[in-house]
Chemist: 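Please read through the structure below; I'll follow up with questions.
Bear in mind the structure is a predicted one, so any value in this text is a computation, not a measurement.
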Amino acid sequence: MSESPGSDARTEEGYFPVGSATRRVVGDPAALIGGISALFLQTLHPRAMAGVDQHSSFPDDFWPRLQRTAGYVTTLAFADTATADASVARVRRIHKVVRGTDPVTGRTYSADDPELLRWVHVTEVSSMVGAVRRLGVIDADEEDRFLAEQVRAGALLGATDLPTSRDEVEQYFADIRPQLVASPTAKLAARRLAVAPLPLRLELLTPARPVWTTVAAVAIGMLPGWARDLYGIPRPPDWIAEPVTTAGLWSLRTALFGARRILRRPDPPR
């Protein structure tokens, strides 16, 4: 069968062409902080958390895992289709061996379960776009366009029944909240994320520790109120907490833009 006009260009552009909401959101440094917030949120699903806890090594795998996740997201958003497909294939191969039994619920889990893939997908994309939207970089319509575009990204890994708008995201969270719990394993993972492991030399000779502390504080501040309640995190009044979180996000975004310029890299930070 002959190729349709423009198919070569589409292959070169990848799944999300120039001008797409996906490139606009993922290319913004605020999305990176939103991605960290998603990790705090993801630990609240017992079966998803069991997969991470039982199939990764802390602290050795902390930064490589974070880098792989960020690299996957940016590759899917900006790479050509062949490169994106290769990245998807690698992730799916890893997912095939991630399976076991969750000690909290007693249920089995597998990383290629569409239900768990849906959870990871929704927390990730809603947190990233929520961070960018918080700063007024995009409006509600572009937020919904991003969520609708990201259905393709989720489907590539096997996720199904994905929300396509902010309203559908909120409904999804309302439906799944009875299944969520801040188990001891989840709280331990959140503490490890908040106090990420750093090489001693880096911790003593650079501002890496206070910078990461700021990242974690902003990421936690962006969590939905119900998620902070599950963790037992005290909630100051919104008129105090929201401006402080937004100001912190602005500062981090500005710093990341500055780092990108220093490194002379126009592409999103990995």
Chemist: Working to the nearest 0.5 angstrom, can you tell me the gap between I33 CD1 and L135 CG?
Modeler: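 Between I33 CD1 and L135 CG, I get 10.0 Å after rounding to 0.5 Å.
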Chemist: If I compare all heavy atoms of I36 with all of A219, which pair ends up nearest, and what's the gap?
Modeler: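 Scanning both residues, the minimum pair turns out to be CG2-CB, 3.8 Å.
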Chemist: Is there side-chain contact between T43 and L193, with at least one heavy-atom pair below 4.5 Å?
Modeler: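 With C-beta onward as the side chain, the pair stays apart.
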Chemist: Identify the heavy atoms of F146 and V125 that sit nearest to each other, and give their distance.
Modeler: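 Nearest pair, atom of F146 first, then V125: CE2-O, 3.5 Å.
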Chemist: Calculate, to the nearest 0.5 Å, the distance between atoms OG1 and CD belonging to T69 and Q67 respectively.
Modeler: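 Nearest 0.5 Å value for the OG1-CD distance: 10.0 Å.
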Chemist: Please step through side chain to side chain donor-acceptor pair (under 3.5 Å) for the pair D167 and Q171, ending with a clear verdict.
Modeler: CA-CA 6 Å; D167 286 345; Q171 185 58 57; over 6 Å; no
Chemist: Within the distance-only criterion (no hydrogens, no angle test), does the side chain of R90 pair as donor or acceptor with the backbone N or O of D85 below 3.5 angstrom?
Modeler: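 No; zero donor-acceptor contacts below 3.5 Å.
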Chemist: Hey, mind stepping through L156 and L76 against side-chain contact (heavy atoms from CB on, under 4.5 Å) and telling me if it holds?
Modeler: CA-CA 10 Å; L156 287 170; L76 208 60; 3.9 Å; yes
Chemist: Of the non-hydrogen atoms in S165 and D144, which two are nearest, and what is the gap between them?
Modeler: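 Residues S165 and D144, closest heavy atoms: CA-OD1, 3.5 Å.
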Chemist: Mind checking the OG1-CG spacing from T245 to L249? Nearest 0.5 Å is all I need.
Modeler: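 Nearest 0.5 Å value for the OG1-CG distance: 8.5 Å.
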Chemist: Side chains of F16 and E149, heavy atoms from C-beta outward: is any pair under 4.5 Å?
Modeler: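 When only atoms from C-beta onward are counted, E149 and F16 do touch, with a gap below 4.5 Å.
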Chemist: Tell me the salt bridge (charged side-chain N to carboxylate O under 4.0 Å, His left out) pairs involving residues 67-78, sequence neighbours left out?
Modeler: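 Passing the test, one end in residues 67-78: D61-R68.
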Chemist: Quick one: does R24's side chain have a donor or acceptor within less than 3.5 Å of a partner on V137's backbone?
Modeler: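 Yes, because the side chain of R24 sits within donor-acceptor range (under 3.5 Å) of the backbone of V137.
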Chemist: Using the ring-ring contact (aromatic ring centres under 6.0 Å, His included) criterion, which residues pair with H45? Sequence neighbours excluded.
Modeler: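 Expected list: W119.
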Chemist: Is there a donor-acceptor pair closer than 3.5 Å between any side-chain N or O of R47 and the backbone N or O of T108?
Modeler: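 Yes, because the side chain of R47 sits within donor-acceptor range (under 3.5 Å) of the backbone of T108.
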Chemist: Using salt bridge (charged side-chain N to carboxylate O under 4.0 Å, His left out), reason through D112 and R99 one step at a time and then give a plain yes or no.
Modeler: CA-CA 9 Å; D112 52 9; R99 56 190 66 245; 3.5 Å; yes
Chemist: Which class fits the ring pair W226 and F173: parallel under 30°, tilted 30 to 60°, perpendicular over 60°?
Modeler: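 Tilted, since the angle between the ring planes falls between 30° and 60°.
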Chemist: First locate atom CG of D102, then atom OG of S183, and finally report the distance between them rounded to the nearest 0.5 Å.
Modeler: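 Going from CG on D102 over to OG on S183, the span is 7.5 Å.
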Chemist: Check whether any side-chain N or O of E168 sits under 3.5 Å from a backbone N or O of T164 as a donor-acceptor pair, and report yes or no.
Modeler: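 Answer holds: yes.
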Chemist: Kindly give the cluster partners of V104, where membership spreads through any ILVMFWY side chain lying under 4.5 Å from a current member.
Modeler: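 V181, all in the cluster of V104.
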Chemist: Please check if the side chain of T74 supplies one atom and the backbone of G71 the other of a donor-acceptor pair under 3.5 Å.
Modeler: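 Checked: pair present.
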Chemist: Dump the intermediate steps for side-chain contact (heavy atoms from CB on, under 4.5 Å) on V195 and R209, then the final yes or no.
Modeler: CA-CA 8 Å; V195 189; R209 175 57 64 196; 3.9 Å; yes
Chemist: With a 3.5 Å distance limit and no angle check, can you tell me whether Y231 reaches the backbone of F40 through a side-chain donor-acceptor pair?
Modeler: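 Present.
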Chemist: Considering non-hydrogen atoms only, spot the tightest contact between H95 and L117 and give its length.
Modeler: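 In terms of heavy atoms, the two residues are closest at CE1-CD2, 3.7 Å.
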Chemist: Determine whether a donor-acceptor pair (N or O, by modelled atom type, separation under 3.5 Å) exists between the side chain of R118 and the backbone of A159.
Modeler: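 Answer holds: no.
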Chemist: Between R65 and S56, what is the shortest heavy-atom contact and its length?
Modeler: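 Nearest pair, atom of R65 first, then S56: NH1-CB, 3.8 Å.
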Chemist: Using 4.0 Å as the upper bound for N to carboxylate O, is an ion pair formed by E170 and R166?
Modeler: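 Salt bridge flag = yes for E170 with R166.
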Chemist: How far apart are the closest heavy atoms of M49 and T185, and which atoms are they?
Modeler: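 Nearest heavy atoms, M49 then T185: CG-CG2, 3.9 Å.
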Chemist: State, yes or no, whether a side-chain contact exists between L162 and Q150 at a heavy-atom distance under 4.5 Å.
Modeler: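 No. Closest side-chain heavy atoms not under 4.5 Å.
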Chemist: Please evaluate residues E142 and R133 with respect to the criterion salt bridge (charged side-chain N to carboxylate O under 4.0 Å, His left out), reporting the C-alpha separation (whole Å), side-chain torsions for both, the decisive distance (0.1 Å), and the verdict.
Modeler: CA-CA 9 Å; E142 192 159 18; R133 173 77 192 284; over 6 Å; no
Chemist: With distance as the sole test, does W63 use its side chain to make a donor-acceptor pair with the main-chain N or O of P197 at under 3.5 Å?
Modeler: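 Checked: pair present.
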